[in-house]
Amino acid sequence: MLAPVVTGALVQRAADPAEGYGTVLTVAGLLMLGGGAPAALAVRPELDKERLASR
């Protein structure tokens with residue numbers, strides 16, 4: 001719900017729209033890396049396979 005507001009604010013405050021969208025894409029990429037790295041470390045497919053097979 002906040003993404004459109006934050007995106008608009010970043011684009012409006014930039015010197016030109018292209019720079020603003022570049023900033024938005026950089027922030028989005030960093031957020032995805034920040035969330036994806038812990039998820040990739042936490043996922044254990046072997047354990048899930050064993051747990052599901054034991055049901």
Side-chain angles (χ1 to χ4, degrees):
M1 291 176 40
L2 293 176
V5 175
V6 173
T7 299
L10 289 173
V11 171
Q12 284 182 348
R13 292 180 184 179
D16 65 344
E19 184 180 326
Y21 283 111
T23 302
V24 168
L25 290 174
T26 300
V27 169
L30 291 172
L31 287 172
M32 285 190 276
L33 284 173
L41 294 173
V43 172
R44 302 281 187 227
E46 299 84 20
L47 295 176
D48 289 340
K49 183 179 177 182
E50 290 176 14
R51 184 175 51 90
L52 291 172
S54 68
R55 286 185 176 186

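- Looking at residues two or more places apart in sequence or on another chain, you find a side chain to side chain contact (heavy atoms under 4.5 Å, CB included) between Leu47 and Arg44, Glu50.
- Residue pairs meeting the salt bridge (charged side-chain N to carboxylate O under 4.0 Å, His left out) criterion with at least one partner in residues 3-25, sequence neighbours excluded, do not occur; the list is empty.
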Pairs of donor and acceptor atoms involving the side chains of residues 1-10, under 3.5 Å and at least two apart or interchain, shall be tabulated with distances.
from : atom 1 : to   : atom 2 : distance (Å)
Thr7 : OG1    : Ala3 : O      : 2.8

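- When all heavy atoms of Pro38 and Leu33 are compared, the pair lying nearest together is CD-O, 4.3 Å.
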